[in-house]
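Computed from a predicted structure; not experimentally measured.
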Amino acid sequence: MSGNIFYKSVAELEKMLDAGEISSEELTKEYISRTRSVDGKVQAQLSNYEDSALAAARASDARRAHGEKRGALDGIPVGLKDVLAVRGQKLTCASKMLENYVSPYTGTAMSKLEKAGAVFWGRLNLDEFAMGSSCENSAFKKTRNPWDLTRAPGGSSGGSAAAVAAGECACALGSDTGGSIRQPASFCGVVGVKPTYGLVSRFGLAAFASSLDQIGPFARTVEDAAILLGAIAGWDAKDSTSVKVDVPDYRASLSEGSLKGKVVGVPKEYFIEGIDQQVRAAVESGIDLCAKLGAEIRQISLPHTDLALPVYYIIATAEASSNLARYDGMRYTHRSARATDSTDLYFKSRAEGFGEEVKRRIILGSYVLSSGYYDAYYLRAQQVRTLIRADFGKAFEDVDVIVTPTSPTTAFKIGERASDPLSMYLSDIFTINVNLAGLPGLSVPCGFSSEGLPIGLQMIGRPFDEANLLSYAHAFERAAGICDRHPESSLL
Ligand code: GLN
């Protein structure tokens with residue numbers, strides 16, 4: 001099974017392309033036919049652009065033939081969450097509101113990928129406007145977990161995680177506001193990285209909660225994630241929150257770092273009641289593995305952890321209510337055919353265009369920002385956010401990396417939580433803190449449950465310390481040795 005080309009890592013594919021064992025055009029065709037054979041079951045893609053993918057692949061082949069290869073991603077098929085703008089391609093955000101919207105420009109991260117020679121293959125499903133943890137909030141389809149098609153792939157970037165896990169693309173980009181890269185990566189048994197806030201430009205990412213959103217990679221291995229992150233990171237004049245920092249060669253620094261002599265912090269607040277016993281056991285063995293690799297394990301406390309969920313749902317909804325005001329039925333969005341006047345047009349277009357969860361958040365966000373409640377909710381949430389950030393700052397005085405479960409459970413059944421928003425919100429209890437603090441976090445596979453479902457371990461690093469964070473995860477992944485397992489049996 002591991003001989004299947006569509007399960008190879010970017011690093012392996014790069015070697016094959018360099019050696020002329022396969023061309024990018026042939027590789028792209030492999031992913032196209034793989035997608036045709038499994039996506040009917042997985043339902044990860046919302047749309048794709050076969051002609052432009054093949055044209056990009058042929059251009060890459062021509063470059064290689066002339067010794068003009070642009071880097072590891074040259075000729076590699078990459079999937080994109082359908083919140084990421086590429087000129088001439090649909091950008092639906094899995095919403096009826098943008099069902100027919102075609103982006104007139106390419107966002108910065110995607111244009112960097114284009115310049116690196118990547119081939120875009122597949123626009124991938126998500127919870128509408130990235131709001132959710134299961135992909136069930138998509139207006140178009142429910143993506144399925146490739147390891148068990150009755151289960152959710154996680155969310156909101158569930159399409160990206162499922163597409164990589166099912167071998168529909170070599171790697172993918174998603175976005176993470178409160179866990180939307182790490183939680184689906186954990187559910188689908190792949191690597192997912194949420195970069196430090198400000199490392200990757202948000203220009204061309206449809207905004208959900210601007211102070212939390214980051215674009216980041218999904219990949220089969222930590223090395224592939226390092227390659228992808230290196231290609232998209234860096235300061236951008238088009239995003240005022242992007243930060244001017246040097247972007248090191250993450251891939252090259254993988255071999256330099258190790259867990260030997262590092263202090264791994266284990267926050268006691270993350271091993272709570274309600275966490276699935278198999279998840280706890282797998283993460284605890286993961287922590288033991290860190291110790292075997294020479295790390296010192298230290299219990300730490302992040303005392304404001306339990307406030308993160310309410311703080312997140314105040315700040316994220318407040319920002320969402322403002323960001324989504326632009327979808328007004330007047331300009332590029334769905335426009336109601338039943339409106340009687342311009343005010344009615346706003347109401348009806350938004351009522352028809354947005355799904356339940358998006359409406360719930362707009363209402364909640366407008367409420368916490370309204371006069372009389374602003375101080376009691378929004379301002380207070382911002383103050384607590386500062387305390388949450390300070391908890392991490394203090395912890396990082398003593399530890400090099402923090403290790404936790406990525407999610408309290410393995411992939412849940414489709415439908416199981418859909419009618420109970422609060423239980424859905426709890427899926428992100430271990431990831432949202434990292435966004436509130438603006439830190440880098442990743443999920444790396446650390447084991448499987450007795451039902452054969454993947455379990456992810458989260459590593460959290462210091463701001464802009466992705467090079468070290470990735471090198472710890474790389475050391476862990478090599479020692480754990482589980483990235484060769486694939487979900488083939490459920491896809492046949
Ligand atoms: N599941 C969380 C939410 O629904 C996080 C989503 C995300 O990171 N985009 O808000």
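For A418, the side chain to side chain contact (heavy atoms under 4.5 Å, CB included) criterion is met by E136, not counting sequence neighbours. Contacts of E26 classified as side chain to side chain contact (heavy atoms under 4.5 Å, CB included), with partners at least two apart in sequence or in another chain: I22, S23. Partners of K142 by salt bridge (Lys or Arg N to Asp or Glu O under 4.0 Å), not counting sequence neighbours: none found. Qualifying salt bridge (Lys or Arg N to Asp or Glu O under 4.0 Å) partners for K29, counting only residues two or more places apart in sequence or in other chains: E25. Take T305 and apply the side chain to side chain contact (heavy atoms under 4.5 Å, CB included) test, not counting sequence neighbours, and it matches E269, Y270, L302, N433. In this view, L492 and E488 satisfy the side chain to side chain contact (heavy atoms under 4.5 Å, CB included) rule, not counting sequence neighbours. Take D328 and apply the salt bridge (Lys or Arg N to Asp or Glu O under 4.0 Å) test, not counting sequence neighbours, and it matches R331.
Between N137 atom CG and S156 atom OG the span is 9.5 Å, to the nearest 0.5 Å. A distance of 3.5 Å separates CG in D428 from OG in S133, rounded to the nearest 0.5 Å. Within the model, atoms CG of L84 and OG1 of T106 stand 11.0 Å from one another, a figure rounded to the nearest 0.5 Å. Of the inter-residue distances, the one linking D375 atom CG with Q383 atom CD reads 9.0 Å to the nearest 0.5 angstrom. Once rounded to the nearest 0.5 Å, the distance linking CG of D176 with CZ of F218 reads 8.0 Å. Put simply, CD on Q43 and NZ on K141 are 4.5 Å apart, with the number rounded to the nearest 0.5 Å.
No donor-acceptor pair closer than 3.5 Å links the side chain of R144 to the backbone N or O of V42. Under a 3.5 Å cut-off, the side chain of T386 and the backbone N or O of Q382 do form a donor-acceptor pair. When atom types are taken as modelled, the side chain of S60 and the backbone of G75 share a donor-acceptor pair closer than 3.5 angstrom. Judged by distance alone, the side chain of T431 and the main-chain N or O of G178 form a donor-acceptor pair under 3.5 Å. Judged by distance alone, the side chain of D341 and the main-chain N or O of D344 form a donor-acceptor pair under 3.5 Å. E466 contributes no side-chain N or O that, together with a main-chain N or O of Y250, makes up a donor-acceptor pair within less than 3.5 Å. Here the side chain of S157 pairs a donor or acceptor atom with the backbone of S175 at under 3.5 angstrom. Looking only at distances, a side-chain donor or acceptor of E416 sits under 3.5 Å from a matching main-chain atom of K413. Under a 3.5 Å cut-off, the side chain of D82 and the backbone N or O of A94 do not form any donor-acceptor pair. Checked by atom type and distance alone, the side chain of S186 never pairs as donor or acceptor with a backbone atom of R182 at under 3.5 Å.
Looking at heavy atoms from C-beta onward, T410 lies in side-chain contact with I455 at the 4.5 angstrom threshold. Within the 4.5 Å cutoff, no side-chain heavy atoms of V119 are placed close to those of I76. You'll find the side chain of R151 stays beyond 4.5 Å of the side chain of I414, heavy atoms only.
Here the closest non-hydrogen pair linking A152 and A411 is O-CB, 3.4 Å. Between S210 and N323 the shortest heavy-atom distance is OG-ND2, 3.0 Å. Taking every heavy atom of both residues into account, P184 and S180 meet most closely at CG-O, 2.9 Å. Residues G159 and L124 approach most closely at C-CB, 3.8 Å, considering heavy atoms. Pairing each heavy atom of P303 with each of D391, the nearest pair is N-OD2, 3.3 Å. Residue G438 comes nearest to T196 through the heavy atom pair O-CG2, 3.3 Å, listed as atom of the first residue, atom of the second, then distance.
Sparse packing is recorded around CZ of R380, with 12 or fewer heavy atoms of other residues, nucleotides or ligands lying under 6.0 Å away.
Among pairs with a residue in residues 207-218, none fulfils salt bridge (Lys or Arg N to Asp or Glu O under 4.0 Å), at least two apart in sequence or across chains. Within the structure, salt bridge (Lys or Arg N to Asp or Glu O under 4.0 Å) contacts touching residues 453-465 (residues at least two apart or in different chains) are D400-R462. Legend: ring pair (Phe, Tyr, Trp, His ring centres under 6.0 Å) pairs involving residues 308-339, not counting sequence neighbours, sorted by first then second residue: Y101-Y332, F129-Y327, Y313-Y425. Pairs engaging residues 152-182 under the ring pair (Phe, Tyr, Trp, His ring centres under 6.0 Å) rule: none recorded [sequence neighbours left out]. Pairs of residues two or more places apart, or lying in two chains, that qualify as salt bridge (Lys or Arg N to Asp or Glu O under 4.0 Å) and include a residue from residues 194-211 are R202-D239.
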May I have the step-by-step check of side chain to side chain contact (heavy atoms under 4.5 Å, CB included) for L126 and T143, ending in yes or no?
CA-CA 8 Å; L126 63 143; T143 299; over 6 Å; no
Given side chain to side chain donor-acceptor pair (under 3.5 Å), test R417 with S427 step by step and report yes or no.
CA-CA 10 Å; R417 300 192 184 183; S427 322; 3.3 Å; yes
Take K96 and E352 through the side chain to side chain contact (heavy atoms under 4.5 Å, CB included) test and state the conclusion after the steps.
CA-CA 8 Å; K96 286 213 172 74; E352 294 166 10; over 6 Å; no
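Between F412 and F187, the ring-plane angle classifies as perpendicular under the 30° and 60° cut-offs.
Residues R385 and S211 have side chains that bring a donor and an acceptor to within less than 3.5 angstrom of each other. Under 3.5 Å, the side chains of D236 and T108 contain a donor-acceptor pair of N or O atoms. Of the N and O atoms on the side chains of T406 and S443, at least one donor lies less than 3.5 Å from an acceptor on the other residue. Side-chain contact of N125 with S138: a donor-acceptor pair under 3.5 Å is present, judged by distance alone. Residues E128 and S95 bring a donor and an acceptor atom of their side chains to less than 3.5 Å of each other. Remark: the S407 side chain and the Q183 side chain contain no N/O donor-acceptor pair separated by less than 3.5 Å.
Salt bridge status for R36 with E50: present, with a side-chain N to carboxylate O gap under 4.0 Å. Under the 4.0 Å criterion applied to side-chain N and carboxylate O atoms, E357 and R360 are assigned as salt-bridge partners. Ion pairing of D74 with R63 is present here, as a side-chain N (NZ or NE/NH1/NH2) and a carboxylate O approach within less than 4.0 Å.
Checking each of T35, T28, N48 against W121 for a side-chain hydrogen bond (donor to acceptor under 3.5 Å, both in side chains) leaves exactly one that passes, namely T35. None of P153, P454, P445, P487 except one satisfies the side chain to side chain contact (heavy atoms under 4.5 Å, CB included) rule with C188; the exception is P153.
Between Y105 and F203, the distance from one ring center to the other falls under 6.0 angstrom. For an aromatic pair to be called close, the ring centres must be under 6.0 Å apart, and Y31 with F6 fails this.
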